[in-house]
A.B. asks: 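Got a structure for you, written out below as structure tokens; questions coming shortly.
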Amino acid sequence: MPTIIEYTQRKQPENRHPTRMVSPTSVSACGHAGLEPVGVPQRDGCWVFQYHCCRACGFTVRAVRRHVRDEDELAELQRRLAECQLSGASE
């Protein structure tokens with residue numbers, strides 16, 4: 001499962017979602033509580049994921065939200081993701 005996140009301590013955190021994100025290699029004192037979703041959920045094969053980024057330190061993770069078990073569920077999920085992307089584009 002490829003990712004757009006580059007983990008490094010040599011660069012400043014950067015959020016160029018959906019093409020590239022630069023993240024520190026570990027979360028700082030703010031912890032995981034500061035992680036906020038970035039963009040809309042996406043699908044990679046049978047997995048649905050979403051990037052989460054801390055506004056304070058820039059730490060970013062790709063969080064798997066769910067596993068799609070069958071084709072009917074996959075079709076419904078694709079329909080819902082398309083609706084989210086359309087509503088997100090109009091904002």
Side-chain angles (χ1 to χ4, degrees):
M1 193 182 286
T3 182
I4 62 171
I5 305 170
E6 175 187 356
Y7 290 99
T8 181
Q9 294 299 115
R10 296 180 185 188
K11 298 178 183 177
Q12 290 293 324
E14 184 177 17
N15 182 352
R16 289 191 178 175
H17 185 272
T19 58
R20 180 171 179 260
M21 299 176 89
V22 177
S23 170
T25 56
S26 61
V27 69
S28 66
C30 48
H32 293 278
L35 294 176
E36 297 180 352
V38 177
V40 296
Q42 300 173 41
R43 188 175 58 88
D44 185 0
C46 60
W47 299 99
V48 176
F49 68 93
Q50 187 167 18
Y51 292 100
H52 287 73
C53 182
C54 178
R55 289 189 188 250
C57 71
F59 180 71
T60 304
V61 294
R62 180 173 155 157
V64 173
R65 296 180 57 148
R66 67 186 292 201
H67 178 259
V68 180
R69 293 181 298 270
D70 60 42
E71 291 302 315
D72 290 337
E73 185 178 9
L74 179 59
E76 171 64 15
L77 179 61
Q78 287 174 326
R79 183 189 67 75
R80 292 173 65 190
L81 285 173
E83 287 175 0
C84 287
Q85 289 172 343
L86 287 175
S87 66
S90 63
E91 293 177 1

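These figures come from a predicted structure and were not determined experimentally.
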A.B. asks: Restricting to pairs with a member in residues 25-43, which pass salt bridge (charged side-chain N to carboxylate O under 4.0 Å, His left out), not counting sequence neighbours?
C.D. replies: E36-R55
A.B. asks: Do the ring planes of Y7 and F59 sit parallel (below 30°), tilted (30 to 60°) or perpendicular (above 60°)?
C.D. replies: tilted
A.B. asks: With a 4.5 Å cut-off on side-chain heavy atoms, are H17 and T60 touching?
C.D. replies: no
A.B. asks: Is there a side-chain contact between D44 and F49, using heavy atoms and a 4.5 Å cut-off?
C.D. replies: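 Result yes, sub-4.5 Å side-chain heavy-atom pair found.
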A.B. asks: Go through it in stages, so that I can follow the logic: the residues are N15 and V38, the test is side chain to side chain contact (heavy atoms under 4.5 Å, CB included), and I'd like the CA-CA distance, side-chain angles, deciding distance and then a yes or no.
C.D. replies: CA-CA 9 Å; N15 182 352; V38 177; 4.0 Å; yes
A.B. asks: Evaluate the side chain to side chain contact (heavy atoms under 4.5 Å, CB included) criterion for residues L77 and R66: first the C-alpha distance (whole Å), next the side-chain angles of each, then the deciding distance (0.1 Å), finally the verdict.
C.D. replies: CA-CA 11 Å; L77 179 61; R66 67 186 292 201; 4.2 Å; yes
A.B. asks: Under the rule for ring pair (Phe, Tyr, Trp, His ring centres under 6.0 Å), what residues qualify as partners of H52, not counting sequence neighbours?
C.D. replies: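 Listed in chain order: nothing, the list is empty.
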A.B. asks: Per the salt bridge (charged side-chain N to carboxylate O under 4.0 Å, His left out) rule, what does the pair list look like for residues 18-34, sequence neighbours excluded?
C.D. replies: E6-R20, E14-R20
A.B. asks: How would you list, by chain and number, every residue that makes a side-chain contact (heavy atoms from CB on, under 4.5 Å) with R10, sequence neighbours excluded?
C.D. replies: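 With sequence neighbours excluded, R10 shows a side-chain contact (heavy atoms from CB on, under 4.5 Å) to T8, given in chain and number order.
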A.B. asks: How would you list, by chain and number, every residue that makes a side-chain contact (heavy atoms from CB on, under 4.5 Å) with A56, sequence neighbours excluded?
C.D. replies: C30, C54
A.B. asks: Any side-chain heavy-atom pair from I4 and Y51 closer than 4.5 angstrom?
C.D. replies: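 When only atoms from C-beta onward are counted, Y51 and I4 do touch, with a gap below 4.5 Å.
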A.B. asks: For Q9, enumerate each residue passing the side chain to side chain donor-acceptor pair (under 3.5 Å) test, keeping only those at least two apart in sequence or located in another chain.
C.D. replies: T25
A.B. asks: Check whether any side-chain heavy atom of P41 lies under 4.5 Å from a side-chain heavy atom of L81, and answer yes or no.
C.D. replies: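 In contact.
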A.B. asks: Looking at residues at least two apart in the chain, or sitting in another chain, which of them share a side-chain contact (heavy atoms from CB on, under 4.5 Å) with P13?
C.D. replies: P24
A.B. asks: Taking only residues two or more places apart in sequence, or in another chain, which ones meet S26 in a side chain to side chain donor-acceptor pair (under 3.5 Å)?
C.D. replies: none
A.B. asks: If you draw a 6.0 Å radius around CZ in R79, do more than 12 non-hydrogen atoms from other residues or ligands fall strictly inside?
C.D. replies: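 Counting neighbours around CZ of R79, more than 12 heavy atoms of other residues, nucleotides or ligands fall under 6.0 Å, so yes.
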A.B. asks: Among all residues two or more places apart in sequence or in another chain, which pass the side chain to side chain donor-acceptor pair (under 3.5 Å) test with R80?
C.D. replies: none
A.B. asks: What heavy-atom pair brings P37 and Q50 nearest, and what distance separates the two atoms?
C.D. replies: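 Taking P37 first and Q50 second, the nearest heavy atoms are CB-NE2, 3.5 Å.
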